[in-house]
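What's counted below: heavy atoms across the whole structure, side chains too, no hydrogens, waters or symmetry copies.
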Amino acid sequence: MKTLLASIVRRARRAAGRLIRPRRAIAVTAATADFNDPVIAADPYPHYETLRRTGSVHFLPRHDAWVVLGYDDVQSGFTRPNLFSNRPYEDIDRMLLAADPPDHTAMRKVVSRFFTPDTIEQLDAFAERFTVSMLRPRMDIARDYGQPLSDAVTAELLGLTSADLATIRAARADIRDLSQYIRTLHEVSSGTAVYRKLIESGIDDAAARSVTALFWLAGTVTTERVIAYAVLELLQHDDVRRTLTNDHARIPAFLDEVLRLHAAELMVPRVTTSAVTLGGVDIPAGALVHLAVAAANRDPEKFEEPHAFRLDRPGPRHVTFGFGVHHCAGALLARRVIATSVRALLVHAPDFRAAAPLGELPRIARMTVHYLDRLPIETGR
């Protein structure tokens, strides 16, 4: 009888298009933890907590790396670039992202000129026009809204031609490895206004191409992923949605909570330049260290009800955009664009609703990233 009932249940679930497979339980320890395991990657937060009960800093043999989980220790890693170097990012950008002070300081000063208040205001106005033009009766927030919006704003910032934008999109659609995609960005970058301004400021060709490519990567990836999660939170919390609809001034606080709960990059890598003690643990020189931003943002020592969504969240700021000298240079622009995308939905499509079961949305989940691949909605327009 049990076998027959199980068979009937399986057939019913298949007919409904949602075969549910039981999750296998994994007992995580630092010695056995594999954060690329699909089951752990799908929901890493309970596993962060399991490890954190025995300390903030652990060595993970499966990754041949250290992981830092506590808010204070993650912040300490960010604020000591002399001990925790950004060198792991060298394959992406050596000039700014992977640079450490004093080289980073000099390049950061140049880059900050591209994020003046006037520039951010102009790009935000552009984003507002663009969001309204994209609204359709049925759309995928991840691919038909967040991605094209972040592409368009970043293209506007860089001064990309439509042909160059098409080249980048084609390379991303056919991407086989990150290095090939970055090479394409380097090839396209020499035609941008940002590249020309960098050259005029005294930056050489290779450095200007690298920084311009970084602008594209940083300007698109984080923004599009957070937009999808912001809309998901609105779909899951009617009370929050009503509050924001009636009071747009609370959208920034809403975004802070979205960013806290859904960091675009779960862990950021560093390399120790010398032996260092962190969280009472000795880490050797030359060690790969992952600062677990996603774990720090849910540290129960810092955040009351750390896994809950709270619009009135007290406590410290999240570290999703980093901290210290490597705090994201474009964070303010990203926040403005995301806020504009949320406000546009609330104003111009107030009756939007999910067009698929929220518990079955496809996600991309690995050790360092966790984001929505699709989020179909109906706007009522």
Side-chain angles (χ1 to χ4, degrees), residues 119-175 185 188 192 215-237 240-241 244-245 248 250-252 254-255 258-259 262 264 330-356 358 361-364 371-381:
T119 298
I120 291 174
E121 287 295 334
Q122 292 167 11
L123 290 172
D124 189 34
F126 172 84
E128 186 168 5
R129 295 191 299 272
F130 196 85
T131 51
V132 176
S133 72
M134 286 191 299
L135 295 175
R136 300 289 184 272
R138 185 182 175 99
M139 56 193 292
D140 178 354
I141 287 294
R143 301 196 180 192
D144 301 330
Y145 193 67
Q147 187 178 98
L149 173 61
S150 61
D151 282 4
V153 172
T154 309
E156 188 77 3
L157 169 66
L158 295 178
L160 283 170
T161 66
S162 56
D164 287 340
L165 181 55
T167 298
I168 292 174
R169 285 175 168 165
R172 179 172 57 196
D174 192 36
I175 189 171
L185 294 175
V188 169
T192 67
F215 269 36
W216 173 265
L217 291 170
T220 55
V221 173
T222 298
T223 304
E224 65 191 43
R225 292 176 183 174
V226 176
I227 287 172
Y229 272 122
V231 175
L232 177 62
E233 292 292 353
L234 291 175
L235 291 168
Q236 291 177 321
H237 299 283
V240 172
R241 184 168 168 177
L244 299 186
T245 298
H248 292 171
R250 302 195 69 179
I251 290 178
F254 164 75
L255 290 184
V258 173
L259 286 160
H262 305 291
L332 181 56
L333 174 59
R335 290 174 61 86
R336 290 286 293 272
V337 172
I338 298 165
T340 293
S341 73
V342 169
R343 188 172 59 252
L345 279 174
L346 294 173
V347 172
H348 300 286
D351 299 322
F352 73 89
R353 59 188 181 276
L358 296 181
L361 298 172
R363 303 169 192 249
I364 305 299
Y371 60 92
L372 293 167
D373 190 43
R374 302 273 185 176
L375 178 54
I377 67 165
E378 294 175 354
T379 66
R381 286 171 61 90

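- Taking P362 as the reference, D373, R374 meet the side chain to side chain contact (heavy atoms under 4.5 Å, CB included) condition, with sequence neighbours excluded.
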Identify all side-chain donor-acceptor contacts of residues 337-351 below 3.5 Å with residues at least two apart in sequence or on another chain.
residue : atom : partner : partner atom : Å
T340    : OG1  : D124    : OD1          : 2.4
T340    : OG1  : R336    : O            : 3.0
T340    : OG1  : R343    : NH2          : 3.3
S341    : OG   : I338    : O            : 2.6

Worksheet item: Where do E233 and V240 land on the side-chain contact (heavy atoms from CB on, under 4.5 Å) test, with the steps shown first?
Response: CA-CA 8 Å; E233 292 292 353; V240 172; over 6 Å; no
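- Within the 4.5 Å cutoff, side-chain heavy atoms of L361 are placed close to those of L232.
- Within the 4.5 Å cutoff, side-chain heavy atoms of L234 are placed close to those of F352.
- The main-chain N or O of Q147 is found under 3.5 Å from a side-chain atom of S150 such that the two form a donor-acceptor pair.
- Residues F130 and V153 are not in side-chain contact: their nearest non-hydrogen atoms beyond the backbone lie 4.5 Å or more apart.
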Worksheet item: Which is it for Y371 and V226 under the side-chain contact (heavy atoms from CB on, under 4.5 Å) test, yes or no, and what are the steps along the way?
Response: CA-CA 8 Å; Y371 60 92; V226 176; over 6 Å; no
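- By the 4.5 Å heavy-atom criterion applied to side chains, Y229 and L375 are not counted as neighbours.
- Looking at heavy atoms from C-beta onward, L157 lies in side-chain contact with L123 at the 4.5 angstrom threshold.
- Residue pairs satisfying the salt bridge (charged side-chain N to carboxylate O under 4.0 Å, His left out) criterion with at least one member in residues 147-159, sequence neighbours excluded, are listed as follows: D151-R169, D151-R172.
- Shown here are the salt bridge (Lys or Arg N to Asp or Glu O under 4.0 Å) partners of R363, two or more places apart in sequence or in another chain: there are none.
- T154 places a side-chain N or O within donor-acceptor distance of the main-chain N or O of G219, the cut-off being under 3.5 Å.
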Practice prompt. Check the pair L149 / T223 against side-chain contact (heavy atoms from CB on, under 4.5 Å), numbers first and verdict last.
Written response: CA-CA 9 Å; L149 173 61; T223 304; 5.8 Å; no
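- Residues satisfying the ring-ring contact (aromatic ring centres under 6.0 Å, His included) criterion with F215, sequence neighbours excluded, are F114, F115.
- With E378 as reference, R138 is the one residue of R136, R138, M139 to meet the side chain to side chain contact (heavy atoms under 4.5 Å, CB included) rule.
- I377 places a side-chain heavy atom less than 4.5 Å from the side chain of L235.
- The side-chain hydrogen bond (donor to acceptor under 3.5 Å, both in side chains) analysis of residues 158-167, with sequence neighbours excluded, yields the pairs T161-D164.
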